[in-house]
J.: 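One structure coming up, written as structure tokens, with questions to follow.
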Amino acid sequence: MTTYSRIQELASQIQSHSAQIDKYLSSHGFPPPTFELSSPCSFPPELQCQRESLLEVADELTLLVQGPLQFIMSLTGYEHNARNSLHAIVRFDLATAFPIHSTVTFQAIACARGLELGDTTRILRHAMTYHIFAEPTPGAVCHTASSRLLAENTGLRAWIANTLNELLPAASRMVDAMERWPGSQEPNEAGWNLAFGNPDAMFAALGRDETRAKTFAESMSFFEARPGLAVHYLVDEEAISWGGVRKMVDIGGSHGKVSIGLARKYPSIKCVVQDLKKVIGGARPPDDVEDQISFMAHDFFNEQPVKDADLYLLRWVLHDWSDRYAVEILKALVPALKPGNRVVINESCLPSHGTMSLYRQRFLRATDLTMKQIQNARERDEADWKTLLKGADERFQIYDFKHPAGSELAIIIVGWQ
Ligand SMILES: C[S@@+](CC[C@H](N)C(=O)[O-])C[C@H]1O[C@@H](n2cnc3c(N)ncnc32)[C@H](O)[C@@H]1O
């Protein structure tokens with residue numbers, strides 16, 4: 001009997017997944033993916049699962065074939081520079097320095113942006129190793145699908161700028177912050193504070209810096225537009241029996257995206273959107289749901305003033321805070337709660353041991369580290385959510401953890417006894 005090694009098994013799975021993807025693309029009239037300028041910058045959403053499976057096995061194969069030594073050395077020795085050429089491309093706006101369909105010289109790009117020729121060439125040639133720009137003939141530069149995306153997508157550029165201006169310096173000081181403030185739960189004792197020599201918590205500090213706050217806001221708008229964060233996962237009747245909800249409070253609800261979605265779907269629901277005064281300022285509901293939505297300035301560390309709601313929502317709020325502060329936010333809600341009320345927490349839920357492949361966990365675990373690096377905040381798994389709620393008040397009872405397929409956020413339904 002022939003026995004196959006793991007790398008052969010993986011290679012055969014790669015073959016099978018790629019064939020299925022190819023078949024779907026060709027039978028639906030999509031071109032096969034290439035790095036060329038004309039290649040679409042994303043895949044049809046129906047291929048999401050198949051692509052994830054392919055990426056998962058391809059990742060394992062790459063790591064196995066590299067071997068531990070080459071893999072660790074590549075991560076530390078050069079992969080970090082992938083971000084640095086991208087940083088330069090965004091900072092100096094190199095992707096818009098020449099028309100999408102033209103081919104120009106390195107010199108022309110350097111001149112267009114007032115940069116030194118040698119630096120420009122080195123940055124671009126490094127980026128080209130990731131198929132960001134190409135050099136079709138010696139000394140000539142043209143766009144690829146990736147560099148075109150950088151030229152045309154302002155949200156993506158804001159995302160990169162925010163990540164590399166704020167998050168990368170914070171990440172690089174995480175271990176120093178761990179040494180200086182071991183186990184700290186304070187939002188102003190994180191890598192970000194050491195990186196910028198700033199004694200204030202990142203969100204507060206950025207709020208006072210108009211330019212950085214604008215880039216942060218644009219980058220979050222871009223990030224939130226991803227399909228995995230769509231509000232329909234929460235607004236669907238399958239997630240929560242919204243039909244029976246008379247009044248809900250969207251705590252830290254920003255400009256009311258969820259409430260607007262709910263009000264449009266359930267004409268009898270009333271929603272109060274709470275956020276900080278500076279965020280909610282002159283916010284007004286859209287005309288078609290103005291009778292159903294109201295905005296209220298409220299700091300969620302203070303006692304919840306709306307006492308007659310039947311459901312309180314915390315969407316994507318608690319992961320911005322360490323347990324010490326998340327408990328305070330939950331405690332401030334307690335005086336408003338009555339038996340039969342529900343609290344819905346819509347947040348990431350880290351997988352329990354053995355329930356998700358290491359490859360698929362990587363994004364979630366990386367996000368968890370980012371939360372630590374910026375504010376000593378965190379992502380949580382089911383056990384962490386239980387501990388957090390019990391720590392706030394024994395009367396919180398978790399009824400259900402829902403993980404809608406395709407959603408990046410779990411729906412945690414909590415009752416009040
Ligand atoms: C990551 S955003 C989530 C927004 C919204 N819930 C959503 O799902 O899109 C966190 C929100 O918490 C708000 N926030 C931060 N500190 C707050 C506070 N002390 N009181 C009320 N809202 C606050 C922010 O202004 C922001 O709108």
Side-chain angles (χ1 to χ4, degrees), residues 155 158-159 162-163 166-167 186-188 200-209 212-236 239-240 248-263 271-283 285 293-306 309 311-322 324-333 336 343-349 367-368 370-371 374-380 404 407-412:
W159 163 257
N162 182 64
T163 303
E166 309 290 348
L167 307 190
E186 294 306 315
N188 66 343
D200 296 328
M202 185 192 84
F203 287 130
L206 290 189
R208 287 193 292 276
D209 184 325
R212 287 163 82 182
K214 185 166 173 281
T215 305
F216 183 82
E218 285 172 6
S219 110
M220 289 316 290
S221 301
F222 171 76
F223 187 70
E224 285 167 35
R226 288 170 335 127
L229 293 175
V231 294
H232 73 78
Y233 292 112
L234 182 63
V235 168
D236 281 354
I240 293 161
M248 67 84 84
V249 182
D250 187 357
I251 304 167
S254 190
H255 292 121
K257 192 168 53 180
V258 172
S259 295
I260 293 168
L262 277 172
C271 305
V272 182
V273 183
Q274 297 177 334
D275 210 297
L276 293 171
K277 195 168 177 196
K278 66 177 182 212
V279 174
I280 232 153
I293 296 180
S294 57
F295 287 94
M296 175 189 277
H298 170 62
D299 182 331
F300 51 46
F301 289 107
N302 296 333
E303 181 176 321
Q304 175 55 245
V306 181
L311 188 148
Y312 295 85
L313 172 67
L314 285 155
R315 181 179 190 267
W316 226 27
V317 162
L318 296 174
H319 86 143
D320 284 342
W321 301 93
S322 65
R324 175 178 301 166
Y325 289 89
V327 158
E328 292 308 314
I329 295 169
L330 290 165
K331 280 185 174 166
L333 187 52
V343 177
V344 172
I345 299 175
N346 191 204
E347 288 272 4
S348 270
C349 191
T367 307
D368 180 42
T370 298
M371 298 318 294
I374 60 176
Q375 285 237 121
N376 276 323
R378 60 177 301 196
E379 304 295 349
R380 298 176 172 90
S407 172
E408 287 180 24
L409 304 181
I411 300 172
I412 308 169

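Positions are given from 1 along the sequence. Owing to the predicted nature of the structure, the values given are computational and were not obtained by experimental measurement. Whatever order the structure lists ligands and atoms in, that order sets their numbers, starting from 1.
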J.: With rounding to the nearest 0.5 Å, note down the distance linking CZ in Arg380 to CD1 in Ile412.
T.: 9.5 Å
J.: Would Ile251 count as a polar contact of ligand 1, with the cut-off being nitrogen or oxygen pairs under 3.5 Å?
T.: no
J.: Measuring from atom CG of Asp250 to atom CG of Leu311, what distance do you get when rounded to the nearest 0.5 angstrom?
T.: 10.0 Å
J.: For atom 4 (C) of ligand 1, what is the closest protein heavy atom, and at what distance to 0.1 Å?
T.: Gly252 O, 3.3 Å
J.: For ligand 1, which atoms, with element, lie under 4.0 Å from some heavy atom of Phe301?
T.: 19 (N)
J.: May I ask you to check if ligand 1 and Arg315 share an N or O to N or O distance below 3.5 Å?
T.: yes
J.: Roughly how far apart are Asp236 CG and Ile411 CD1, rounded to 0.5 Å?
T.: 8.0 Å
J.: To the closest 0.5 Å, what do you measure between CG (Leu318) and CD1 (Ile329)?
T.: 5.5 Å
J.: How far is atom 26 (C) of ligand 1 from its nearest protein heavy atom, and which residue and atom name does that atom have?
T.: Asp275 OD2, 3.6 Å
J.: Does the structure place the NZ or CZ of Arg226 under 6.0 Å from the centre of the six-membered ring of Phe223, at an angle of no more than 45° from the ring's axis?
T.: yes
J.: With a cut-off of 4.0 Å, which atoms of ligand 1 are near a heavy atom of His298?
T.: 20 (N), 21 (C)
J.: Quick one: does Asp299 get an N or O within less than 3.5 Å of an N or O on ligand 1?
T.: yes
J.: Would you say His319 has any N or O atom under 3.5 Å from an N or O of ligand 1, going by distance alone?
T.: no
J.: Got a second to check how far Ile251's CD1 is from Arg315's CZ, nearest 0.5 Å?
T.: 14.5 Å
J.: Verify side chain to side chain contact (heavy atoms under 4.5 Å, CB included) between Met371 and Gln375, making sure each step is shown before the conclusion.
T.: CA-CA 6 Å; Met371 298 318 294; Gln375 285 237 121; over 6 Å; no
J.: Go through the steps for Arg324 and Glu328 under the test salt bridge (Lys or Arg N to Asp or Glu O under 4.0 Å), then give the verdict.
T.: CA-CA 7 Å; Arg324 175 178 301 166; Glu328 292 308 314; over 6 Å; no
J.: Does ligand 1 have an atom under 4.0 Å from some heavy atom of Gln274?
T.: no
J.: Report the part of Asp320 in contact with ligand 1, treating N, CA, C, O as backbone and CB onward as side chain, heavy atoms under 4.0 Å; options are side chain, backbone, both, neither.
T.: side chain
J.: Say you draw a straight line from CD1 of Ile293 to CE of Met248; how long is it, rounded to the nearest 0.5 Å?
T.: 9.0 Å
J.: Considering only non-hydrogen protein atoms, determine which one is nearest to atom 16 (N) of ligand 1 and report residue, atom name and distance to 0.1 Å.
T.: Phe300 CZ, 3.4 Å
J.: Please could you name the atoms of ligand 1 that Trp316 approaches to less than 4.0 Å, counting only its heavy atoms?
T.: 1 (C), 2 (S), 3 (C), 8 (O), 10 (C)
J.: What atoms of ligand 1 come within less than 4.0 Å of a heavy atom belonging to Val279?
T.: 25 (O)
J.: Can you name the atoms of ligand 1, numbered from 1 with element, that are less than 4.0 Å from a heavy atom of Ser254?
T.: 4 (C), 27 (O)
J.: Taking all non-hydrogen atoms of both residues, which atom of His298 and which atom of Gln304 are closest, and how far apart?
T.: NE2-CA, 4.1 Å
J.: Ligand 1 versus Met220, non-hydrogen atoms closer than 4.0 Å: side chain, backbone, both, neither?
T.: neither
